[in-house]
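Shown next, in structure tokens, is the structure this report addresses.
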Amino acid sequence: MTTLETTLDTLSNVSSPLILVDGSSYLFRAYHVPYLQALSTADGQPTGAITGVLNMFRSLKKDYPNGNIIAIFDAKGKTFRNDMYPEYKANRPPMPDDLRSQIAPIHDIITAMGLPLLVIPDVEADDVIGTLAKQADELGIETVISTGDKDMAQLVTPHVTLINTMTDVAMDVAGVSEKFGVRPDQIIDYLALMGDKVDNIPGVVKCGPKTAVKWLAEYETLEGVIANADKVKGKIGENLRDALEQLPLSYQLATIKCDVELEQTAGELAAGEPDVAALTELYTKYELKRLLADLGNGDKASAATDSKAKSGAAKSATVSTESAAEVTAVEVAQSQYDIIFDKALFNEWLVKLQGSGTFAFDTETTSVDYMKAELVGVSFAIEAGKAAYVPLTHDYEGAPEQLDKDWVLAQLKPLLESKIIKKIGQNLKYDANVLSHYDIELQGIDFDTMIESYCYNSVATRHNMDALALKYLDYKTVHFEDVAGKGAKQLTFNQIDIEKAGHYAAEDADITLRLHQAIFPALAQTPSILSVFTDIEMPLLAVLAKMEQTGVLIDSDVLADQSFSLGQRLDELEIEAHNLAGKSFNLGSPKQLQEILFEELKIPVIKKTPKGAPSTAEEVLQELALDYPLPKVILENRGLSKLKSTYTDKLPLMVSEKTGRLHTSYHQAVTATGRLSSTDPNLQNIPIRSEQGRKIRQAFIAPKDHKIVAIDYSQIELRIMAHLSNDKGLVNAFSEGKDIHKATAAEIFAVDLDEVTTDQRRSAKAINFGLIYGMSAFGLAKQLNIGRQQAQEYQDKYFQRYPGVLTYMEDTRQQASEQGYVETIFGRRLYLPDINAKNGMRKKAAERAAINAPMQGTAADIIKKAMLSVHEWIEAQNDVRIKMTMQVHDELIFEIHQDIVEETTQKLVTLMNNAVELSVPLIAEFGIGDNWDEAH
DNA sequence: AGCGGAGCCTA
DNA sequence: GTAGGCTCCGCTG
């Protein structure tokens, strides 16, 4: 090798990582895989472990085409650890013969492949890997250790990562911390504390991962734990002190030796050429047909699948479905699905789509996260049974050539952006979001089957396609998991064989079309439901897509500071709680807490959970906190740890790399009543009530020169109640702009408006809320902490003063019972299957829902209409300085440039006030600030 | 790894 | 008493 070549070789390290394969760990794992155990050659030589290990190498080659793969196996016989500790691995049974007999063949095959094979006596494979990893790390060579053994986590550095090739789980420094709860440099301490039953390494009795992590979090190292052993309370503390003497030995045993003498260093080891003749002989001998076939196709692994796919590529394949057995109501079995590989067929479809007026389509992507998803293919359907899939970026090895993605999208763009050509889809907001990343603004979004089903009946079914196909078409679709697998090994769509993928994708479009044909006519029979669908939900889809794309800005530093101080306080609280309990326990475990409180400390049980266990719910602890110290500590701990884990720790992790902002998902077809819901993250439950919680809103900030504007509807549900019941007293109170809770108090307690006490107002407020929730005297009594008798009196008084409300509620119950559903002002329906239930509890619950749904649902309708008019106005301004960023049920949040914030806010308030016309005024109130807390 | 329960955050 | 979502634990496969 010339100097130049050596230099180039070094330079190329970046793209050719060192792959250190822990052969022995895979050998044992593969040997125990059930479906491999059956494998053997005709003359009885077992080959399961051989196959398993070689599959793993094959997969590594595929994942790291440029990787420099080194195989390391344990040598026979004892190692230096046995000298240190004779009992080491004494519990291990001898290696079974049918495994032993597979080792030599594996070694032979690996050698014939040209891969360096290291089997070093007197040390374990771990030590050889550790040594090479350390050398590589020092040389700055990126290194991947392929292993199933968690002990290797101690070797992870910024340059050294782990991959478990059997489960496809990778781990870097952060991954180790995440998985184990300690840093890589604490792994040895962690292992030493826990010990290892299998290897016969002693540790601290009863110390598992939880305890080890806790101690190391507190004292950093094993040394630290040993130095502070006196401070550890309880039985486990005794166990620790009993183990003190032998912990250093455990530490030594768990330490991977990183200075094994080797003939070649990590920088020198490299693969040679495969010996094809030798491989052919070995594969033939052990009857490894698949590997033999691969060999015939040259170097490229998995080229075996090419021939079939390529013949399809030459002239577009037509695949017919094979699910005939399950088909009943629709004849999906006779469907003809095209998989389009060439321009001619694509153009044929394009013409058909253009002429169709309405077509169903679906995108296939690499991720369910719309911010990360990349387009893999698109599918279309024009009439039931006729669908096509256009694969674009399937990139598994041996994937056939596909049409150019940019070319296809350029052809489709006018079609997808046409308002005249109507689209049918299932959850089109997702497709719209994905397409927006390819500079396509999806328009003509007229029919979303998910929303059709939701408007038709929000509670009859979940609204995912599989459920809809089953309910409306009596057809079992091919599930994503059927084609992609599940769990850690799940493939992304680009990795799926095109014929399988094509059938799945085309069926999606086909089924979507058929669903539309089944659901839409049913929905359109009721004009009010059709109008909710057409005038509210479908137009809202694009508004939500836009808000999701916009995202919100958060200040991660503010949250990190909060996390830190919360963490400190939580540590203090934990120590305090352990002291009070007299032993260490998990504060977050209701079960453990219940044992401590009610069994060990003998605190009286106040309330039980539905399953009969003593409850440790907040209200219970609050009551106990008056008499005992521990519940108080627990309460503070719960509140703070919720804030830390859900918000201050989590939100910064969810910030998009692309935009630096937080992008939630709004779900339009989840709630029974018509509200939106929000996930990943849920932006609709950001704390506000507690002092600590409010601070989280301070991290929701405006960009430079902008302000956060929050506008919320005041008392919207009570106003709707006034409108619906047309109760004179209630309508008057709102028309005259009174403080509604105060007005209610004045009526119930028969005092003048200005004589209402704070306490009376508080009671009235609870009554008003109770009203919205379908109040019972029982619930009210609990809320106000008064007797049931008195609660009943309040309620009677209320209905006496507001008789229209009573009438309305009675009418609603009756209507629900007769029709089986209730409606919002705009005709959105909620079916109540339990309204005539025999079970009194269920019937009562359904009645409360019946009372609540028209109010909650109408409020949802109103804010949705407001969002539509606000969006329309913002679009018309064509001004990037105004952005709608969030919706929280009765509140809209905006980001507005400071130069125009005043007048824009006024305009938005007006738009919201006039979103609909009720018999009482609709009042929106605004706040302006540098962050959400200030604005609220 | 996936699930239910308990608990707690919001309107 | 209404409507949601998320995190934790602890069990089960």
Side-chain angles (χ1 to χ4, degrees), chain A residues 167 169 210 458-459 486-490 585-594 607-621 634-635 637-647 649-651 654 664-667 670-690 692-694 696-697 712-718 721 766-784 791 795 809 822 830 832 841 844-857 859-860 863 886-891 936:
Chain A
T167 56
V169 174
K210 291 266 189 311
S458 65
V459 291
K486 60 175 184 172
K489 284 192 162 185
Q490 188 170 66
F585 71 104
N586 183 342
L587 278 72
S589 165
K591 198 168 158 240
Q592 291 182 31
L593 177 61
Q594 168 230 308
K607 200 188 127 189
K608 296 201 169 182
T609 63
K611 291 188 78 180
S615 168
T616 59
E618 192 183 10
E619 49 166 353
V620 174
L621 296 184
I634 298 291
L635 275 174
N637 175 282
R638 273 198 191 156
L640 297 188
S641 64
K642 169 84 182 175
L643 291 182
K644 185 168 185 290
S645 63
T646 312
Y647 304 107
D649 283 354
K650 209 53 182 296
L651 293 176
M654 304 186 82
T664 184
S665 288
Y666 289 105
H667 301 281
V670 169
T671 74
T673 54
R675 274 188 178 180
L676 298 176
S677 76
S678 155
T679 64
D680 308 303
N682 181 355
L683 293 184
Q684 295 178 323
N685 72 344
I686 305 298
I688 190 163
R689 284 178 197 157
S690 71
Q692 269 289 341
R694 267 190 100 88
I696 290 166
R697 295 196 171 211
D712 70 309
Y713 281 119
S714 148
Q715 306 295 350
I716 189 167
E717 291 181 356
L718 279 177
M721 172 58 102
I767 293 168
N768 279 329
F769 270 98
L771 192 71
I772 295 169
Y773 298 150
M775 150 155 86
S776 70
F778 179 77
L780 184 63
K782 215 168 65 175
Q783 179 71 30
L784 284 175
Q795 197 179 332
M809 288 173 78
V822 291
L830 172 62
L832 298 153
M841 292 272 283
K844 285 282 178 206
E847 283 180 1
R848 290 192 295 268
I851 301 291
N852 174 260
M855 281 179 277
Q856 194 184 115
I863 196 155
M886 285 189 272
Q887 190 254 38
V888 190
H889 307 310
D890 65 359
E891 176 181 14
H936 197 276

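We name chains A, B, ... by the order of the sequence lines, and we start the count at 1 in each one.
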Counting any heavy atom closer than 4.0 Å, what does R848(A) reach on the DNA or RNA strands: base, sugar-phosphate only, or nothing?
sugar-phosphate
N685(A) atom CG is separated from dC6(C) atom P, nearest whole Å, by 8 Å
Taking only the side-chain nitrogens and oxygens of T646(A), find out if one of them lies under 4.0 Å from OP1 or OP2 of dT7(C).
no
Is the backbone of M855(A) close enough, under 3.5 Å, to the side chain of E717(A) for a donor and an acceptor to pair up by distance?
no
Using a heavy-atom cut-off of 4.0 Å across all strands, would you classify I851(A) as base, sugar-phosphate, or nothing?
nothing
Pick base, sugar-phosphate or nothing for E618(A), based on heavy-atom distances below 4.0 Å to the nucleic acid.
sugar-phosphate
Spacing of M721(A) atom CE relative to dT2(C) atom C1', expressed in whole Å:
12 Å
Side chain of N682(A) (C-beta onward), nearest among dC6(C), dA3(C), dT2(C)
dC6(C)
Students often get this wrong, so: under 4.0 angstrom with heavy atoms, is K650(A) touching a base, only sugar-phosphate, or nothing?
sugar-phosphate
Distance in angstrom units between Y647(A) OH and dG5(C) P, rounded:
13 Å
Report the distance from atom NZ of K486(A) to atom C1' of dA1(B), rounded to the nearest whole Å.
9 Å
Distance-only donor-acceptor hits, side chain of residues 846-853 of chain A, under 3.5 Å, sequence neighbours excluded:
residue : atom : partner : partner atom : Å
N852(A) : OD1  : Q856(A) : NE2          : 3.1
N852(A) : ND2  : I772(A) : O            : 2.9

Indicate, with a heavy-atom threshold strictly under 4.0 Å, whether L683(A) touches base, sugar-phosphate, or nothing.
nothing
Verify side-chain contact (heavy atoms from CB on, under 4.5 Å) between L635(A) and E618(A), making sure each step is shown before the conclusion.
CA-CA 7 Å; L635(A) 275 174; E618(A) 192 183 10; 3.6 Å; yes
CG-OG1 distance between N682(A) and T646(A), expressed to the nearest 0.5 angstrom
10.0 Å
Please classify the nucleic acid contact of E891(A) as base, sugar-phosphate, or nothing, using heavy-atom distances under 4.0 Å.
nothing
For a quick test of reading the model: is some side-chain N or O of K644(A) closer than 4.0 Å to OP1 or OP2 of dT7(C)?
no
For atom CG of L643(A) and atom C1' of dT10(B), their distance in whole Å:
13 Å
Looking across every strand, which nucleic acid part, if any, lies under 4.0 Å from A777(A) by heavy atom: base, sugar-phosphate, or nothing?
nothing
At under 4.0 Å between heavy atoms, what does K591(A) touch on the DNA or RNA strands: base, sugar-phosphate, or nothing?
sugar-phosphate
Whole-Å gap separating C1' (dC9(B)) and NE2 (H936(A))
14 Å
P687(A) side chain, from C-beta outward: closest of dT10(B), dG7(B), dT7(C):
dT10(B)
Selected nucleotide, minimal atom distance to I688(A) side chain, candidates dT10(B), dT2(C), dC6(C):
dT10(B)
Can you measure E619(A) atom CD to dA6(B) atom P for me and round it to whole angstrom units?
14 Å
Is A672(A) touching bases, backbone alone, or none of the nucleic acid, heavy atoms closer than 4.0 Å?
sugar-phosphate
Of all the choices, dG4(C), dG10(C), dA11(B), which nucleotide is nearest to the side chain of Q592(A) once you look at every atom?
dG10(C)
Of the listed nucleotides (dC9(B), dA6(B), dG1(C)), which one gets closest to any side-chain atom of P590(A)?
dA6(B)
Tell me what T616(A) touches on the nucleic acid: a base, only sugar-phosphate, or nothing, going by heavy atoms under 4.0 Å.
sugar-phosphate
Once you apply a heavy-atom cut-off of 4.0 Å, does N586(A) come out as touching a base, just sugar-phosphate, or nothing?
sugar-phosphate
Please work out if S776(A) contacts a base, only the sugar-phosphate, or nothing of the nucleic acid, heavy-atom cut-off 4.0 Å.
base
Between atom CZ in R697(A) and atom P in dC9(B), what is the gap in whole Å?
13 Å
Separation of S776(A) OG from Q783(A) CD (nearest 0.5 Å)
11.0 Å
d(L683(A) CG, L651(A) CG) to nearest 0.5 Å is 7.5 Å
Side-chain N or O of S589(A) versus OP1/OP2 of dC8(C): is the shortest distance under 4.0 Å?
no
Between dC8(C), dA11(B), dA3(C), spot the one nearest the side chain of Q856(A), thanks.
dA3(C)
Which is true for G588(A) with a 4.0 Å heavy-atom rule: it touches a base, it touches only sugar-phosphate, or it touches nothing?
sugar-phosphate
side-chain hydrogen bond (donor to acceptor under 3.5 Å, both in side chains) with T616(A): of R638(A), Q592(A), K591(A), only one passes, and it is R638(A)
Name the nucleic acid region contacted by R689(A), choosing base, sugar-phosphate or nothing; use a 4.0 angstrom heavy-atom cut-off, strictly under.
base
Does a side-chain N or O of R675(A) approach OP1 or OP2 of dA3(C) to a distance below 4.0 Å, or not?
no
